[in-house]
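Notes follow once the structure below has been shown.
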Number of protein chains: 2
Amino acid sequence: MAKRNFSSKRKAIYEALCSTDSHPSARWIYDKLKPDIPDLSLGTVYRNIALFKEEGKAQVICSLNSEERLDGNVTPHPHFICTCCNSVFDIGNDNSDSGIASELSERGFSVESRYILYYGICPDCKNKNIH
Amino acid sequence: MAKRNFSSKRKAIYEALCSTDSHPSARWIYDKLKPDIPDLSLGTVYRNIALFKEEGKAQVICSLNSEERLDGNVTPHPHFICTCCNSVFDIGNDNSDSGIASELSERGFSVESRYILYYGICPDCKNKNIH
DNA sequence: TCAAAATCAGTAATGATTATCATCTTTGAC
DNA sequence: GTCAAAGATGATAATCATTACTGATTTTGA
């Protein structure tokens, strides 16, 4: 791992990422920090997110409206994505495997990680559509 | 569903999508068809893929190198993605659920579909790296 | 056969992400 | 503290997949 300087902006970006369970996009983080850090640049947000990914401190959950949605919680856990409002929710733990991982290693694949995504309508959107 | 004309290009695009298990991108389909259909336009490929998605005849599996990877097989089934060569593989059936879907409906979510992605190294890339 | 509707090719526009580069910070030795 | 090297940043331009637009072409059904 390359040597990294301590940077207050890097710290702020990481804290913003970890401060929310909204699974934000780069722009969301930028918009959140910009009022307090007026000279923050969107490129810096992207650059630091790329570093966090390399370091295993952030993961991409999915891409919605062609925007990557991120998670600072890198513990494997399933997500629910609302196809109506594009919210991303954490859901319970990921403890099932159904033998697929072992089937994969028997076939010569090295499994590094697993993502489980549920798509559907979230409670809020369901309620809004009852008119 | 809007009325649709029969179009030979639409048919060719759909057949190309279904003819492979490589989970192609729009450009892959375009490049495959272009020699036989010289006046095919990339926009037409995108336009028809968008229609197939609406009709439920195609699904997006993931986004690799910022390219959407598609599947004409809309039966739910897990995929394995090689982080080395970006190949996408079909893997066995999706028959486990570990009670997450029922937990979700209890919490008010309507689940429409589920995607399971495994990331890792495929057999080919593993062999190539043994030097 | 023919006009309306649907589709297309070609091209321009969009928008997220990345690259560039000159400037500013951080670091660690002194 | 001082200072130079390494690292990080802001501002801007470039990239590239995807979408929108428009006038021409094809399909359809009467």
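Labels below follow one simple rule: chain letters A, B, ... track the order of the sequence lines, proteins then strands, and each chain is numbered from 1.
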Self-check item: B/Arg4 CZ to C/dA5 P, straight-line distance once rounded to whole Å
Solution: 16 Å
Quiz item: Tell me: CD1 of A/Ile49 to P of D/dA8, nearest whole Å?
Solution: 16 Å
Self-check item: Greater than 12 external heavy atoms within 6.0 Å of A/Lys11's NZ
Solution: no
Exercise. Select from B/Ser63 and A/Leu42 the residue whose nearest nucleotide in DNA chain D is closer to the 5' end of that strand.
Key: A/Leu42
Quiz item: Does B/Ser7 place a side-chain N or O at less than 4.0 Å from the phosphate oxygens OP1/OP2 of C/dC8?
Solution: yes
Practice problem: Figure out the CG/P separation between B/Asp39 and D/dA24, and round it to whole Å. | Solution: 17 Å
Practice problem: For D/dT19, take OP1 and OP2 only and decide whether either is under 4.0 Å from a side-chain N or O of B/Tyr46. | Solution: no
Practice problem: Can you tell me the distance, in whole Å, between the CG atom of A/Asn48 and the C1' atom of D/dG7? | Solution: 12 Å
Self-check item: Protein-nucleotide distance (A/Glu67, atom CD; D/dT18, atom P), rounded to Å
Solution: 16 Å
Quiz item: Where does the angle between the aromatic ring planes of A/His77 and A/His23 fall among parallel (under 30°), tilted (30 to 60°) and perpendicular (over 60°)?
Solution: tilted
Exercise. To the nearest Å, give me how far apart CZ (A/Arg69) and P (C/dA16) are.
Key: 13 Å
Quiz item: Taking CD1 from B/Ile37 and P from C/dG10, how many angstroms apart are they, rounded to a whole number?
Solution: 13 Å
Quiz prompt | Modelled atom types, side-chain donor and acceptor of B/Lys32 and B/Ser19, under 3.5 Å | solution = yes
Quiz item: Do any side-chain nitrogens or oxygens of B/Lys9 fall under 4.0 Å of OP1 or OP2 in D/dT26?
Solution: no
Quiz item: Is A/Arg47 touching bases, backbone alone, or none of the nucleic acid, heavy atoms closer than 4.0 Å?
Solution: base
Quiz item: Is B/Phe6 touching bases, backbone alone, or none of the nucleic acid, heavy atoms closer than 4.0 Å?
Solution: sugar-phosphate
Quiz prompt | Residues B/Glu15, B/Arg10: salt bridge by 4.0 Å N-O rule | solution = no
Quiz item: Would you call B/Lys57-B/Asp71 a salt bridge at under 4.0 Å N-O?
Solution: no
Quiz item: Is the distance from OP1 or OP2 of C/dG28 to the nearest side-chain N or O of A/Asn5 less than 4.0 Å?
Solution: no
Quiz item: Quick one: A/Lys11 NZ to C/dT26 P, roughly how many Å, whole number?
Solution: 12 Å
Quiz item: Is the phosphate of C/dA6, meaning OP1 or OP2, less than 4.0 Å from a side-chain N or O of B/Arg10?
Solution: no
